[in-house]
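Working notes for the structure below.
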Amino acid sequence: MIMKGHAHVVGDHIDTDQIIPARYLGSLDPKVLAEGCFYNLIPQFSTKVTPGDILVGGENLGCGSSREHAPIAIKSAGIACVVARSFSRIFYRSAINIGLPAVVCPAAVDFAEQGTEMTVDFDRGVVESGGKSAAFAPFGPSILAIIAAGGLVPFMSQRLVREGASA
Amino acid sequence: MGLSATQKIVARHCGRDSVAVGETVTVKVDLAMSNDMTSPLAVKQFRSAGATKVFDPDKICIVAGRHMPFRDEAFGKAVGLVGEWCRDQGIKSFFANMEGMDHALVPDLGLIRPGMLVCNADSHTCTYGALGAWGLPMGSTDMAYIYAFGETWVRVPETIRVRYNGKPAKYVTSKDYVLATERALTVDGARYKTIEFSGPALDALSVDERFTISNMGIEMGAKTSFMAPDQKVKDYLAARTTVPYEAVYSDEDAEFERTVDIDVSALEPVVAKPHSPDNVVPVSELKGIRVTQVCIGTCTNGRIIDLQQALEVLRGRKVAAGVRLIVTPATNIIMREAERLGLIDEFRALGATINPPGCGPCAGWHQGVLAEGDVCVATHNRNFPGRMGSPKAQVYLSSPYVAAATAVAGEIASPKAVLS
């Protein structure tokens, strides 16, 4: 799997209130959540995203509230993958669960520039941008299985079918 | 090398004698939870996956009491659908009749016991650590999986030990302890790790005061908080449940990643300045900061002792002109007890607004949302930009004593300054 898109760079400790303010949480509609994505931080963020673009974060991306609306809003805005120095634990799990791969790669954040094309090669474990490249550690087996299935919901479906418990 | 309480709880829940830090294992969940904000998505994902039956309806508890009554149609509809799902699944622990917010409610109902592994679609699930349980915050899709299978994967975390030593001065509370810890560890100093709180100054606190500390583990990035259950915890549980439990303790020679010692004798009341819970300074350093709103409540400080401490300062005084004082008891049990003790009447006589039990304005959702230019002192746990409304509002976090003193002074003030 290879993802390629323009980098949208945000800073350290961007919490989920900043990713999606609480007033948008009454809805699960991806359009509404895309509209609210980074509402206070980057006005009209979703209009600046070309589907397939990559969000680049600093330390502790997605800290704060557990709201899964945060990764959903980012994905709904058109972002295909998130690269950061580090993630908050709940955001990291939730992003992968909803099929938004989250890559820990501090070196790539060092060379990432706003608007520059970035490639994330999951097979080789490498992030490239502006002629520079950096390796990231492979995912553990629990996470890899979820990514391979396309997220936790399809992963769950497969298990339910296997166990003969599906609807 | 001995084992940490964290390793023992994880081992017990994956059917092994021990686990190593850093290992990834699948654990059985004793209690699975979500709330009015996070349940609708959990139920949607459960159905999308084709699941039809929950793993065990008696091990699921859904508290839809954070933002009640409904602020709009969409929210009312979403919670209504969750209620139907609970009925269909035979989930009896569905609370949607103004009982209040989960983190204060479920311990008070005796549903959280030492040694349990609890997953809840909310970041402040770490609160249950004050009872020696392992409260693991999750997202909604993780909860959907747990609702179907009763299990989840976890990486066994390192443990950071925080020790509170010494004796506090008057008006220094457990909120000051935990804010001082925020300053020491920062907002991601415990990321992916357990914080085990301990020490003589922790032992001296009541269980309700300890919840204030365990609650804010997540503000240091922690996976969860833990406190060794002592006699006070056993008494707390004896008053609430007859279900047996087996407490878990870290071994004497358990490996801690690091130990942070905090001398509470040296603390004065502190405040977290905008816009981060670790931006902590002594309240005496802040001069002339006028406020428009003071909030007392939430899962951090919305219990009886918090209301009593606030009134200790407010009693016989007036709320300054231009300050809105908003009080939000965390649950209806607390609300009724506060009424019985006359606390609610006292707040009303001061001109305070009493919110329904729940989260109040903490998440900027309703009942006290801040506008541009507002300055608020809140007993909450978060002050990220825009958390309570406008990103141009300023939110300071404090203890109920400091919040009450601020309401009287009209500017950020220490209780000592107001009472002298």
Side-chain angles (χ1 to χ4, degrees), chain A residues 12-18 21-29 32 39-41 59-72 85-99 140-143 145-146 151-161 163 165-167, chain B residues 24 26 37-38 40-42 44-53 67 71-75 78 120-125 137-142 144-145 148-149 153-155 157 187-188 191-192 218-219 221-223 276 362-366 369 382 384-392:
Chain A
D12 292 335
H13 307 297
I14 302 297
D15 72 282
T16 53
D17 277 284
Q18 294 190 76
R23 62 181 169 282
Y24 285 96
L25 304 189
S27 176
L28 291 174
D29 181 349
V32 175
Y39 184 81
N40 292 321
L41 193 68
E59 297 285 1
N60 204 21
L61 182 66
C63 61
S65 158
S66 70
R67 63 189 68 162
E68 199 165 307
H69 308 70
I72 295 173
R85 285 187 202 282
S86 62
F87 291 92
S88 99
R89 176 191 151 267
I90 309 170
F91 180 91
Y92 182 75
R93 284 183 76 116
S94 291
I96 285 164
N97 286 347
I98 62 147
S142 308
I143 293 174
I146 295 166
L152 188 59
V153 169
F155 180 85
M156 217 174 135
S157 300
Q158 291 168 8
R159 178 168 171 186
L160 287 163
V161 168
E163 296 179 1
S166 186
Chain B
T24 297
T26 298
M37 203 73 114
T38 54
L41 180 58
K44 184 183 167 206
Q45 302 289 62
F46 180 89
R47 289 201 172 114
S48 304
T52 53
K53 265 180 72 124
H67 303 101
R71 75 161 206 172
D72 62 33
E73 203 180 319
F75 191 56
N120 183 349
D122 187 78
S123 59
H124 289 106
T125 304
M138 293 284 188
S140 295
T141 303
D142 266 321
Y145 188 88
F149 300 115
W153 68 271
V154 296
R155 178 188 163 278
V187 281
D188 63 348
R191 214 159 25 84
Y192 302 130
I218 186 73
E219 272 68 51
K223 186 170 204 155
S276 182
C362 176
W365 172 256
H366 64 173
V369 176
R382 288 196 174 128
F384 298 126
R387 167 75 177 175
M388 289 182 67
S390 168
K392 289 178 179 164

State, to 0.1 Å, how close [X] and [Y] come at their nearest heavy-atom pair, and which atoms those are.
{"X": "A:D17", "Y": "B:A363", "answer": "OD1-O, 4.5 Å"}
{"X": "B:Y145", "Y": "A:M156", "answer": "CD1-CG, 3.5 Å"}
{"X": "B:G389", "Y": "A:N40", "answer": "O-ND2, 4.4 Å"}
{"X": "B:S123", "Y": "A:S65", "answer": "OG-CA, 3.7 Å"}
{"X": "A:S88", "Y": "A:G62", "answer": "OG-O, 2.8 Å"}
{"X": "A:S27", "Y": "A:D29", "answer": "OG-N, 2.9 Å"}

Is it the backbone or the side chain of [X] that comes under 4.5 Å from a heavy atom of chain B, or both, or neither?
{"X": "A:L41", "value": "neither"}
{"X": "A:I14", "value": "neither"}
{"X": "A:F155", "value": "side chain"}
{"X": "A:L160", "value": "both"}
{"X": "A:E163", "value": "side chain"}

Close side-chain approach of A:I143 to A:R93, heavy-atom, < 4.5 Å: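 When only atoms from C-beta onward are counted, A:R93 and A:I143 do not touch, as no gap falls below 4.5 Å.
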
4.5 Å side-chain heavy-atom contact, B:R382 and B:I218: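 The answer is yes, as the side chains (C-beta and beyond) meet within the 4.5 Å cut-off.
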
Candidate pair B:W365 and B:R71, rule side chain to side chain contact (heavy atoms under 4.5 Å, CB included), full reasoning: CA-CA 9 Å; B:W365 172 256; B:R71 75 161 206 172; 3.7 Å; yes

Quick one: of [options], who has the most non-hydrogen atom pairs under 4.5 Å with chain A?
{"options": "B:A121, B:G364, B:A144, B:A222", "answer": "B:A144"}
{"options": "B:T52, B:T24, B:L41", "answer": "B:L41"}
{"options": "B:F149, B:F46, B:F75", "answer": "B:F149"}

Go through the atoms of [X] and report whether side chain, backbone, both or neither lie under 4.5 Å from a heavy atom of chain A.
{"X": "B:Q45", "value": "both"}
{"X": "B:K44", "value": "side chain"}
{"X": "B:D72", "value": "neither"}

Closest-packed option against chain B by number of heavy-atom pairs under 4.5 Å, given A:S86, A:A165, A:S94: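 Looking at each of A:S86, A:A165, A:S94 in turn, A:S86 comes out on top.
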
Max heavy-atom pair count under 4.5 Å with chain B, selected residue of A:E59, A:R67, A:R89: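 Counting heavy-atom pairs under 4.5 Å, the top option is A:R89.
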
